[in-house]
There are 2 protein chains.
Amino acid sequence: MTDLLHRLRASFGRPFDLLGLGECSLDFLYRVPLALSQPLPDKASALGQEVLGGGQIATACAAAARLGLRARFVGAVGDDDAGAALRSELAREPVDTSRMKTCSRCQTRTALILLGQSGERSVIEWRDPALTLPIETLSAQDVAEARMLHVDLSFPSASLWAAEQARAHGLIVSVDLDRPAPHCAELLRLTDLCVVSEHFPARFTHKTDPEQAALALSHATPGQVIVTQGDRGCWLVDGPHIRRFPAFAPPQLLDTTACGDTFHAALLAALLTSADQPAPVSLDHALPSAIRFASAAAALKCADLGRRGCPSRAQVDRFLHDAPPELTV
Amino acid sequence: MTDLLHRLRASFGRPFDLLGLGECSLDFLYRVPLALSQPLPDKASALGQEVLGGGQIATACAAAARLGLRARFVGAVGDDDAGAALRSELAREPVDTSRMKTCSRCQTRTALILLGQSGERSVIEWRDPALTLPIETLSAQDVAEARMLHVDLSFPSASLWAAEQARAHGLIVSVDLDRPAPHCAELLRLTDLCVVSEHFPARFTHKTDPEQAALALSHATPGQVIVTQGDRGCWLVDGPHIRRFPAFAPPQLLDTTACGDTFHAALLAALLTSADQPAPVSLDHALPSAIRFASAAAALKCADLGRRGCPSRAQVDRFLHDAPPELTV
């Protein structure tokens, strides 16, 4: 398979940098003066409440837009107030929402997020079984208008179809996976960038040793495998080796929701910048630098709630300018 | 003080039957496959989600509208999606919302309701401190246009002012109190109908014996005191005695939220009907019959979630027609 930077370079000039397909959600966040390690009382008063756009793919698109990418999001909402709110919030980023589907007599996916007194978190998600995203929502031409595809397995058939179209039309395919699901293995075989959180490799490969699991995962995909570990940094699987990258300490730590989605978006944004340099750059050189950029963006995200904390490119550049140069440990 | 039925009778022909002033809320209800006696897990999927209008006074107005009363609600919402949803949901009942206040840069009150696998419930409410209801929201003329006032102490100054105006203009004053709050004693002195749930008398009077507490509460108000006890019925304080009324068994039991508000509204609706009879009826006769009507309405409410279950007058009449005649125990 051709180096992903070469393919990215060849797609220069298309209308969209990023096509995201998958989960979107309206999140209701309640800060409570309670320890979530205890049962909830019958009645309590919250310290604050926020309604935030969420869902891993929609949030990655929003994060990409903040970083200056032209992003389009494809997903499904219900014909309710939550769907309208979610759509208009994405459009303000701005993310193109023209291919989003509104399902009739259906509720938008929501998540209730309780944030306890010590920052602990409990998430209760609701997804209407009637919420669907048929393959016909998107045309092959829609896919061919973008340079990179970022998908999860919320709508497996649509994601697989989009990934196949992406490979046919020269897009880079990036995936967000958090647990083994139907079609996971098929999707991984079409993937260029597989950035997953630390629990996924063991769940997918059934290997308990984290390094063995990460290496085994890399055998399941032709793409690059990166395993993120929150404030402990991330691993890049490099042939039979694992390269470790530390995280940046967040300048302000209010909320870690959406840090992973921001990491995904910033990694893609940095690789795109490398691909579009006048002089060709090798992936060996570009990838560590993109991981550094993504780690900085994820650390900056923590300063505000949910996707509201996604930083601009200028904020990430300024942060990296002031950061110590050596990141690899 | 003149018998409340006489005062009600004298106000015949005013544009509104009921003026409600106090709490309104948008409630997010999540049904979860969890035992709420245990701590919540990090992540769970809900079995269903509903967005429902709530808040004790707004719900009583909605329940009154279902029973055929012309109801007006006065309360405050924020300038957000929740406020717009709440307002339009009330208007559909129909409840007059023309005097509701929208507070700028302010969030609407919301409540998150978790419904556990055995019907147990945990409520987390959020009220923006910036949400206010100034006395100027309402004019004396607005009060004089109604026949009955129903208030809580969400906005104590506005409630007290409205109760004073109500006494001056011949309205019946009904209160919904759930815990002692500033101005509680003052409001009780202006009250004709004090229907409270079973914990209130002890909290207000500091008497642990429930009967002694109920009797002591009745000394704090010139009005009628009724203490509701859910499926165990209710008490009417009658001079130095307590008369007990059983509850009706709900034909369907899905959710008890809003049963108390429905009881309030149905009691007022039944008293209004008695007052408007061609031949005068005594309160001694009308009150037990109104309690019977209110108990039936509250039992029927249980068939659906939140205020969606509030019954129509025809439904209550049909239920009572088929019910055994003797209710007092």
Side-chain angles (χ1 to χ4, degrees), chain A residues 25-53 78 80-89 106-116 119-131 178-179 197 199 256-257, chain B residues 25-53 78 80-89 106-116 119-131 178-179 197 199 256-257:
Chain A
S25 170
L26 198 67
D27 293 350
F28 301 109
L29 188 144
Y30 284 75
R31 284 189 298 119
V32 292
L34 303 168
L36 298 184
S37 55
Q38 301 294 316
L40 292 178
D42 288 352
K43 198 162 186 177
S45 294
L47 301 172
Q49 185 247 38
E50 305 277 341
V51 182
L52 298 166
D80 50 10
D81 291 337
L86 198 158
R87 203 185 259 272
S88 63
E89 200 233 17
C106 184
Q107 292 181 322
T108 296
R109 184 195 188 269
T110 61
L112 157 68
I113 303 176
L114 288 182
L115 200 58
E120 73 275 27
R121 167 186 302 272
S122 189
V123 179
I124 293 173
E125 55 166 24
W126 159 243
R127 187 168 170 178
D128 190 333
L131 202 63
D178 69 345
R179 66 196 67 205
S197 65
H199 301 296
T256 60
T257 316
Chain B
S25 170
L26 198 67
D27 293 350
F28 301 108
L29 188 143
Y30 284 74
R31 284 191 298 119
V32 292
L34 302 168
L36 298 184
S37 55
Q38 300 295 316
L40 292 179
D42 288 353
K43 198 162 185 178
S45 293
L47 300 172
Q49 185 246 39
E50 304 278 340
V51 182
L52 299 166
D80 50 11
D81 291 338
L86 198 156
R87 202 185 260 272
S88 63
E89 199 235 16
C106 185
Q107 291 181 322
T108 296
R109 185 194 188 270
T110 61
L112 159 67
I113 303 176
L114 288 182
L115 200 57
E120 72 274 27
R121 167 186 302 272
S122 188
V123 179
I124 294 174
E125 55 166 22
W126 159 242
R127 186 167 174 180
D128 190 332
L131 203 63
D178 68 346
R179 64 196 67 205
S197 65
H199 300 296
T256 60
T257 316

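Residue numbers start from 1 in every chain, and the chains themselves are labelled A, B, ... in the order their sequence lines are given, proteins ahead of strands.
The minimum heavy-atom distance linking B/Ser122 with A/Pro41 is given by the pair OG-O, 2.6 Å. Taking both residues in full, the closest heavy atoms of B/Ser37 and A/Pro39 are given as O-CG, 3.1 Å, listed atom of the first, atom of the second, then distance.
Contacts of B/Ala111 with chain A are made by backbone atoms alone, with heavy-atom separations under 4.5 Å and no side-chain atom involved. Residue contact with chain B, scored on non-hydrogen atoms closer than 4.5 Å, involves the backbone and the side chain of A/Leu40 alike. Heavy-atom distances place both the backbone and the side chain of B/Ile124 under 4.5 Å from chain A. In this structure, chain B has a heavy atom under 4.5 Å from the side chain of A/Asp81, while its backbone stays farther away.
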All N/O donor-acceptor pairs, side-chain side in residues 43-51 of chain A, below 3.5 Å, sequence neighbours left out:
{"unit_1": "A/Ser45", "atom_1": "OG", "unit_2": "B/Glu125", "atom_2": "OE2", "d": "2.8"}
{"unit_1": "A/Gln49", "atom_1": "NE2", "unit_2": "A/Tyr30", "atom_2": "OH", "d": "3.4"}
{"unit_1": "A/Gln49", "atom_1": "NE2", "unit_2": "B/Thr110", "atom_2": "OG1", "d": "3.0"}
{"unit_1": "A/Glu50", "atom_1": "OE1", "unit_2": "A/Arg308", "atom_2": "NH1", "d": "2.8"}
{"unit_1": "A/Glu50", "atom_1": "OE1", "unit_2": "A/Arg308", "atom_2": "NH2", "d": "3.4"}

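For A/Arg87, the side chain to side chain donor-acceptor pair (under 3.5 Å) partners two or more places apart in sequence, or in a different chain, are A/Thr102.
Highest contact tally toward chain A, considering only B/Arg31, B/Arg121, B/Arg127, B/Gln107, is held by B/Gln107 [criterion: heavy-atom pairs under 4.5 Å].
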